[in-house]
Every structure is written in C-alpha cells, then in structure tokens.
Amino acid sequence: MTTDDKGIKHTDEQEHDELIEIMSGFMDNGKPKVGIFWYDIADNSLFGVEKTDADKAIFINGKATINKLHKTYWQKQHHRATAKGDTTSIFYTESNYTMIPRGRIFQNEADGKFQVYVGHWLNSIDIEKFRETLEDEFNLPSDFDFVVDVHWDLGHGWSEEYFE
C-alpha cells in the first residue's frame, strides 16, 4: 500500500488481488439456500431476505434453516427506519412483522428436500409466480414443497411462552 501526497492510501497490485479474492467469496455460488423472507404480493417480490447456503446450515430435529427469527429481524429494521425517520420504509410504517406475508425455508435431513413454510395467504396469490420468485432468490430446486402452517398466517407468530 502506498500513500500519495494528499495522504490518501492506494492499494498495490497484490493487495488489490487479495481484495478481489475476498469479494469473490460473496458472489452467489448457485447453491440452494435456507432462510426467511417477507413477500410483497403486489410486486411479486421478496424483501427482508436472510439466507445461508443449505449445506452450511445445522440440522435440528431433522430440519435445517437459518438461525434468525422474523421478529428479531423486523424489530432491528423498525428501529433503524424510525431512527432515520424513513417514513417510506415498510419497516417504519408497519411495526407488526406478522401483518405482512412471510415464510421460512427449511431443508429436511432425511431426504434433503426443501420445504417453504407459509401461511394460508398462499391461497390468495399466483402460486406459480411465487414459486419462481423463491426458486430464483434461494436457488431452490423446482420440486420443493409448500407447507401451510398457522404460525405464518397474517397476524400470527410464536407466542413468547414457547421460548421460556
């Protein structure tokens, strides 16, 4: 690394190559992912996506997913948007994370198959478009299954008593 006459540091060729190697590790590797998301029905788009390579996830009770809760993620984003005064952010305008369609992607240990857990809101959307959106974002194989569970219904979530 060198410093110019204005005191600005510049990388040399070796350091530049090392940075490229580091950054290449952040590229999408095409592997299937597990994680959480919210779904914007109007735009057929996902947001608040948190994911990790399925082969790096840890199986607990036969299922693997990311170790992050929707509630925790939403609270952090809500506080950030509030602190910034970002009144256009969904995280600012909606304080209840359960009022937006959301889901979680698991992988089964027994057969390696992926399952996308969602609420009954699934029945009111174009499922094929949604399926394509999930396949693209999470690099999922097309044979994944949807599983509807009341937890992911609008207005529902895990009660705090489950975590005590």
Side-chain angles (χ1 to χ4, degrees), residues 21-82 86 88-164:
E21 186 176 338
I22 290 169
M23 298 304 288
S24 68
F26 301 142
M27 292 181 65
D28 187 351
N29 57 17
K31 292 181 179 180
K33 315 276 190 256
V34 293
I36 63 172
F37 62 88
W38 279 268
Y39 182 59
D40 182 337
I41 293 173
D43 291 340
N44 185 42
S45 63
L46 303 175
F47 67 97
V49 173
E50 289 287 308
K51 59 189 173 182
T52 190
D53 290 349
D55 62 3
K56 293 180 181 174
I58 297 170
F59 286 94
I60 299 173
N61 294 332
K63 291 188 181 292
T65 192
I66 195 168
N67 63 347
K68 189 168 284 196
L69 295 173
H70 282 92
K71 180 178 182 177
T72 306
Y73 180 87
W74 195 274
Q75 286 172 336
K76 286 181 182 179
Q77 298 305 316
H78 178 71
H79 292 306
R80 241 182 230 142
T82 301
D86 185 1
T88 62
S89 170
I90 185 70
F91 299 110
Y92 181 93
T93 58
E94 181 57 68
S95 61
N96 185 345
Y97 74 100
T98 69
M99 298 309 293
I100 311 293
R102 71 189 193 287
R104 179 176 291 271
I105 298 175
F106 291 95
Q107 183 181 27
N108 285 325
E109 187 172 27
D111 60 8
K113 197 161 184 179
F114 290 88
Q115 293 179 318
V116 177
Y117 279 69
V118 294
H120 287 89
W121 55 264
L122 179 70
N123 297 318
S124 64
I125 66 168
D126 183 330
I127 295 173
E128 287 312 307
K129 281 185 181 178
F130 181 48
R131 177 179 287 280
E132 290 172 10
T133 300
L134 290 167
E135 286 174 11
D136 182 53
E137 181 67 38
F138 289 91
N139 296 319
L140 294 176
S142 60
D143 68 344
F144 73 82
D145 293 322
F146 284 113
V147 179
V148 175
D149 182 89
V150 68
H151 166 72
W152 286 277
D153 280 346
L154 297 180
H156 290 270
W158 298 123
S159 170
E160 296 299 321
E161 68 193 44
Y162 290 120
F163 299 112
E164 294 177 353

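This is a predicted model, so every value here is computed, not measured. What you see below is based on every heavy atom in this structure, not just the backbone, and it leaves out hydrogens, waters and symmetry mates.
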_Just verifying a value: how many Å separate H70 NE2 and R102 CZ, rounded to the nearest 0.5 Å?_
6.0 Å
*Between atom OH of Y97 and atom NE2 of H78, what is the distance when rounded to the nearest 0.5 Å?*
14.0 Å
Which heavy atom of [X] sits nearest a heavy atom of [Y], and at what distance?
X    : Y    : result
K33  : I105 : O-CG2, 3.7 Å
A57  : T52  : CB-CG2, 4.5 Å
V148 : L122 : CG2-CD2, 4.1 Å
D86  : Y92  : O-CB, 3.0 Å
K31  : D55  : NZ-OD2, 3.1 Å
V34  : A54  : CG1-CB, 4.0 Å

Closer than 3.5 angstrom, by distance alone: can the side chain of [X] be matched with the main-chain N or O of [Y] as a donor-acceptor pair?
X    : Y    : value
K51  : E137 : yes
D53  : K56  : no
R131 : S142 : yes
Q107 : G112 : yes
W74  : E94  : yes
D149 : H151 : yes
D40  : D43  : yes
W152 : V147 : no

*Parallel, tilted or perpendicular for W38 and F47, by the 30°/60° rule?*
parallel
*Taking the six-membered ring for Trp, are Y39 and W121 parallel (under 30°), tilted (30 to 60°) or perpendicular (over 60°)?*
parallel
*Stepwise, does the side chain to side chain contact (heavy atoms under 4.5 Å, CB included) test hold for F37 with V118?*
CA-CA 10 Å; F37 62 88; V118 294; 4.2 Å; yes
*Any chance CG of N67 has more than 12 other-residue heavy atoms, nucleotides or ligands included, within less than 6.0 Å?*
no
*Partners of N123 by side chain to side chain contact (heavy atoms under 4.5 Å, CB included), sequence neighbours excluded?*
H120
*Chi angles and distances behind the side chain to side chain contact (heavy atoms under 4.5 Å, CB included) call for Y117, K63*: CA-CA 12 Å; Y117 279 69; K63 291 188 181 292; 3.3 Å; yes
*How about F130 and F146: are their ring centroids closer than 6.0 Å?*
yes
*Under the salt bridge (Lys or Arg N to Asp or Glu O under 4.0 Å) rule, collect the residues that match up with K76, sequence neighbours excluded.*
none
*Take D143 and K113 through the test side chain to side chain contact (heavy atoms under 4.5 Å, CB included) and record every step on the way to the result.*
CA-CA 8 Å; D143 68 344; K113 197 161 184 179; 4.3 Å; yes
*Any chance you could lay out the side chain to side chain contact (heavy atoms under 4.5 Å, CB included) test for I90 and I100, step after step, and finish with the verdict?*
CA-CA 9 Å; I90 185 70; I100 311 293; 4.0 Å; yes
